[in-house]
Amino acid sequence: MAPREQTLVSFLQEAGVFYFSGRLIGKGEKMKTKEQFAADLEKQFGEYLDRNSIFHLIEVPKQPEHGDLAFPCYPLAGKMRRNPALIAQKAANELETNDYEKVEAVGAYLNVFLNKQQTANAILQKIIQEEQNYGNSQGGQGEVVAIDMSSPNIAKPFSLGHLRSTVIGNSLALIAEKCGYKTVRINHLGDWGTQFGKLIAAYKKWGSEEKVKKNTIKELLALYIRFHEEAEQSPELEEEGRFWFKQLEEGDEDAEALWKWFREESLREFDKIYKLLGISFDSDEGEAFYNDKMQHIIDVLTEKQLLTESEGAMVVELSEDNLPPCLIKKSDGATLYATRDLAAAVYRRETYQFSKSVYVVGNEQSLHFQQLKAVLRKMDYSWWEDIRHVSFGMILKEGKKMSTRKGKVVLLEDILQEAIELAKNNIEEKNPGLADKQSVAETVGVGAVIFHDLKNHRHNDIEFSLEDMLRVEGETGPYVQYTFARACSLLRKGEYQPAADEVIGCDLEAWPVVKLLDVFPTVVHRAAEQDDPSQIAKYVIDLAQAFNKYYAGTRILEEGKWKGQRLGLTFAVSVVLEEGLRLLGITAPEEM
RNA sequence: GGCUCCAUAGCUCAGGGGAUAGAGCAAUGGUUUCCUAAACCAUGUGUCGCAGGUUCGAAUCCUGCUGGGGCCA
């Protein structure tokens with residue numbers, strides 16, 4: 001276990017939160033009840049199982065008719081040499097029933113039903129008091145997480161792969177912040193490489209300033225493609241490209257001015273997307289930034305005698321790690337990705353003093369990151385362990401990797417615009433009186449695209465489907481947003497005022513909702529531990545489904561003694577849905 | 001060839017030792033004089049890729065195999 005995680009665990013334990021076998025149980029009534037249940041069982045079975053083992057065995061049944069907590073008696077059967085069903089039966093009879101609503105033996109299981117009034121009141125009060133701070137923790141206090149995310153290539157379209165990196169990285173940052181960490185979002189732009197030599201050459205031949213200004217990415221991409229097409233006929237073009245890259249490397253004014261200009265214009269276009277996504281960065285120091293920081297790396301490697309020569313190139317041998325050698329310098333003296341990333345890692349460590357450095361980069365680069373860590377370890381940087389490659393699957397088209405070539409790419413910006421357009425049509429159709437239609441449409445359209453990306457585990461490849469991305473019904477972002485908007489509408493119409501001292505009860509219909517609300521902090525922790533935003537996306541769907549079911553069956557605004565309580569529940573749901581969406585980087589509109 | 005990831009309903013995916021394997025989409029039918037129908041309800045579907053092993057118990061853990069993706073030479 002990494003040191004950082006140890007601090008987290010010990011902190012949580014101090015705070016009264018308990019951590020058992022990777023499962024984090026939030027502080028609160030339910031946990032106390034689980035503890036209590038374990039203690040009660042220990043009284044009966046202490047000579048066969050200790051309390052900790054009992055606690056482990058207790059589970060939350062999938063079927064509600066099996067109660068809120070359950071204890072399987074199979075393990076006892078072996079030790080006691082008795083039929084497990086009989087053990088369960090006997091335990092049910094002997095268990096003090098006044099602490100629980102109901103205790104039941106079903107087969108080998110001992111099922112326990114909690115006191116709904118009491119439990120619900122505790123959970124709902126907590127949420128009503130804490131509001132958006134519900135689920136916060138302080139495990140990362142004083143620590144910094146650096147997150148390498150997005151990192152598109154200059155002069156190329158913003159691909160869907162970069163979208164994944166962007167939204168996953170942003171969500172991980174938000175989750176880390178909720179756990180008390182400081183974060184640094186780094187946009188490691190692909191702004192260097194031989195392709196810029198080619199681009200400069202192509203621009204000098206065929207480019208137009210006006211066109212590039214008007215439509216930067218498309219124009220630059222067209223120039224790049226034309227360069228490759230023409231180079232097939234006239235190979236001397238390649239030579240020209242190399243010449244201009246050399247000029248660029250040597251600081252030729254003309255070349256540098258063009259490069260800077262390409263970079264700025266591209267960034268300006270990317271910013272439109274980032275603005276729509278609601279994401280900003282703390283640093284956009286890309287590959288070029290490390291040009292003057294690589295020699296230092298080579299010096300250190302040389303000094304530590306880690307470099308070996310292989311076919312004219314300089315490499316770090318990693319056979320002891322069962323890895324191929326890491327190329328540091330090519331035979332022509334040019335440095336490589338690895339060298340640049342080493343320089344970046346060192347720079348980030350010195351600049352941010354991170355306790356964790358995360359790279360949200362595709363699966364296909366996992367070997368590269370293994371090598372990076374191995375080399376850092378050999379360089380005696382103790383923090384090599386704090387580097388984490390958070391990988392994700394690819395976007396596929398017809399089962400294959402999407403090709404960026406030939407200009408036949410789907411532009412993210414077009415997808416976003418289409419999603420927004422669709423949302424706008426829906427508003428016109430369903431809620432034409434809505435104020436601020438455009439901004440709600442943006443929120444919902446963008447929400448659909450982000451949620452679609454985050455709802456499944458990062459590791460899975462995604463088959464590209466515009467239809468799926470734009471879907472707004474079922475397990476989607478707009479579904480959750482809609483549920484939130486409905487809850488807000490109820491609170492407005494019911495003129496809900498939070499009353500901290502009011503006791504909030506719970507009927508049978510609301511119980512599944514309450515149980516889900518209780519579990520939110522646990523879900524946030526799991527998402528943080530596993531670097532997995534999909535945990536939160538799935539949770540928020542579950543909660544929305546549970547609330548919609550409740551809504552369909554119960555008249556929340558009906559006058560009467562329970563109205564205030566139903567609104568209290570509605571408020572708690574709205575708080576958690578909004579916060580859950582926020583952690584995914586999605587805004588929840590109050591009306592839609 | 002080496003390393004790695006994946007395989008669950010027609011499709012997209014949950015579930016990561018325990019009770020009858022679940023959602024969404026798609027299909028069909030129903031629900032609005034009533035809190036936003038982007039909703040809710042009902043109906044059908046499974047050799048959990050194959051074969052062994054561990055266990056009282058395996059979709060879940062281990063090994064092997066098959067098929068697919070990716071990375072490296």
Side-chain angles (χ1 to χ4, degrees), chain A residues 22-23 56-59 61-63 65-67 70-79 81 83-85 88 106-111 311 318 321-327 362-371 391-394 396 399-401 422-423 425-427 429-431 433-434 444 447-448 452 455-463 465 467-468 471-494 530 534-535 537-539 541-542 544-545 547-559 563 566-567 570 590-592:
Chain A
R23 211 175 278 180
H56 277 96
L57 286 167
I58 295 173
E59 51 191 84
K62 288 174 202 150
Q63 263 88 24
E65 60 270 25
H66 290 148
F71 179 74
C73 296
Y74 303 103
L76 280 172
K79 299 195 180 191
R81 292 161 175 255
N83 181 331
V106 180
Y109 284 85
L110 180 60
N111 296 334
E311 296 165 39
L318 297 171
D321 294 271
N322 205 13
L323 292 170
C326 181
L327 276 162
N363 268 335
E364 62 267 33
Q365 298 216 38
S366 69
L367 177 63
H368 168 74
F369 284 103
Q370 284 176 46
Q371 291 178 315
S391 62
F392 55 84
M394 293 176 298
L396 305 176
K400 283 182 290 181
K401 199 172 170 177
L422 196 82
N425 293 342
N426 275 318
I427 291 169
E429 190 189 317
K430 289 163 179 163
N431 194 1
L434 181 66
V444 174
H452 172 261
K455 75 174 172 187
N456 292 330
H457 191 88
R458 326 182 306 263
H459 275 308
N460 300 346
D461 290 341
I462 296 180
E463 176 68 31
S465 156
E467 203 190 327
D468 283 350
R471 186 159 276 147
V472 299
E473 285 164 15
E475 294 171 337
T476 66
Y479 172 86
V480 182
Q481 289 171 319
Y482 174 73
T483 312
F484 173 77
R486 261 183 163 180
C488 288
S489 167
L490 291 170
L491 296 172
R492 272 194 310 273
K493 291 194 172 154
Q530 301 176 6
S534 78
Q535 297 287 335
K538 284 163 199 150
Y539 169 80
I541 285 285
D542 287 345
Q545 281 176 341
F547 182 72
N548 277 327
K549 197 167 203 165
Y550 175 69
Y551 177 97
T554 307
R555 308 232 13 106
I556 292 167
L557 291 181
E558 196 168 72
E559 290 303 330
K563 184 182 162 195
R566 289 192 296 264
L567 283 172
T570 304
E590 293 190 7
E591 283 181 77
M592 65 185 267

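Labels below follow one simple rule: chain letters A, B, ... track the order of the sequence lines, proteins then strands, and each chain is numbered from 1.
Partners of Arg471(A) according to the salt bridge (charged side-chain N to carboxylate O under 4.0 Å, His left out) rule, which considers only residues two or more places apart in sequence or in another chain, are Glu467(A), Asp468(A). In terms of the salt bridge (charged side-chain N to carboxylate O under 4.0 Å, His left out) criterion, residue partners of Lys563(A) (sequence neighbours excluded) are, by chain and number, Glu559(A).
Between the P atoms of A42(B) and G24(B), the separation comes to 10 Å (whole Å). Separating the P atom of G69(B) from that of U31(B) is a span of 49 Å, rounded to the nearest Å. Rounded to a whole angstrom, the distance from the P atom of C50(B) to that of U8(B) is 10 Å. Spacing of C1' atoms, A21(B) relative to G17(B), comes out at 14 Å, to the nearest Å. If you take atom P in C6(B) and the same atom in G64(B), they sit 16 Å apart, rounded to whole Å. Comparing C48(B) with C11(B), their P atoms sit 15 Å apart, to the nearest whole Å. Nucleotides U28(B) and G15(B) are separated by 28 Å at their C1' atoms, to the nearest Å. G44(B) and G49(B): their P atoms are spaced 24 Å apart (whole Å).
The aromatic rings of Phe547(A) and Tyr550(A) lie tilted to each other, with the angle between the two planes from 30° to 60°.
Residue-level contact check: Asn425(A) touches neither bases nor backbone, having no heavy atom under 4.0 Å from any strand. Residue-level contact check: Pro61(A) touches the bases, meaning some heavy atom is under 4.0 Å from a base atom. Across all strands, Ala70(A) comes closer than 4.0 Å to base atoms (heavy-atom distances).
For the residue pair Asn548(A) and Tyr479(A), a side-chain donor N or O sits within less than 3.5 Å of a side-chain acceptor on the partner. Residues Asn363(A) and Ser391(A) have side chains that bring a donor and an acceptor to within less than 3.5 angstrom of each other.
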For nucleotides 33-46 of chain B, 5' to 3', base contacts (B), sugar-phosphate-only contacts (S) and non-contacts (-) with protein non-hydrogen atoms under 4.0 Å give -BBBSBSSS-----
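Taking a 6.0 Å sphere around CD of Glu590(A), one finds it holds 12 or fewer heavy atoms contributed by other residues, nucleotides or ligands. For Glu311(A), the CD atom is loosely surrounded, since the number of other residues' heavy atoms within 6.0 Å does not exceed 12.
Nucleotide C5(B) holds its P atom 18 Å from the CG atom of Leu396(A), rounded to whole Å. Going from atom CG of Leu110(A) over to atom P of A19(B) covers 16 Å, rounded to whole Å. Going from atom OH of Tyr74(A) over to atom P of A19(B) covers 8 Å, rounded to whole Å.
Minimum heavy-atom separation, Asn431(A) to Met592(A): ND2-O, 2.9 Å.
Annotated as syn: G16(B), whose O4'-C1'-N torsion sits within 90° of 0.
Side chain of Asp461(A) to backbone of Gly393(A): no donor-acceptor contact under 3.5 angstrom is found. A donor-acceptor contact shorter than 3.5 Å links the side chain of Asn83(A) to the backbone of Ala85(A). Between the side chain of Thr570(A) and the main chain of Arg566(A), a donor-acceptor pair closer than 3.5 Å is present.
Note that the NE2 atom of His452(A) and the OG atom of Ser465(A) stand 6.5 Å from one another [nearest 0.5 Å]. Lys455(A) contributes atom NZ, which lies 9.0 Å from atom CD1 of Ile462(A) (distance to the nearest 0.5 angstrom).
In this structure, the side chains of Asn426(A) and Pro478(A) stay at 4.5 Å or more apart for every pair of heavy atoms.
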Take Ile541(A) and Gln545(A) through the test side-chain contact (heavy atoms from CB on, under 4.5 Å) and record every step on the way to the result. CA-CA 6 Å; Ile541(A) 285 285; Gln545(A) 281 176 341; 3.9 Å; yes
Given Watson-Crick and G-U pairs under 3.5 Å, RNA chain B in dot-bracket ([ ] crossing, | other strand) is (((((((..((((....[...)))).(((((.......))))).....(((((..]....)))))))))))).
Hey, what are the protein-to-nucleotides 71-73 of chain B N/O distances that come in under 3.5 Å?
{"unit_1": "C71(B)", "atom_1": "OP1", "unit_2": "Lys401(A)", "atom_2": "NZ", "d": "3.4"}

Tabulate protein N/O versus nucleotide N/O from nucleotides 6-16 of chain B, keeping only pairs under 3.5 Å, one per line.
{"unit_1": "C13(B)", "atom_1": "OP1", "unit_2": "Asp461(A)", "atom_2": "O", "d": "3.4"}
{"unit_1": "C13(B)", "atom_1": "O3'", "unit_2": "Asn460(A)", "atom_2": "ND2", "d": "3.2"}
{"unit_1": "C13(B)", "atom_1": "O2'", "unit_2": "Asn456(A)", "atom_2": "OD1", "d": "3.1"}
{"unit_1": "A14(B)", "atom_1": "OP1", "unit_2": "His457(A)", "atom_2": "N", "d": "3.4"}
{"unit_1": "A14(B)", "atom_1": "OP1", "unit_2": "Asn460(A)", "atom_2": "ND2", "d": "2.6"}

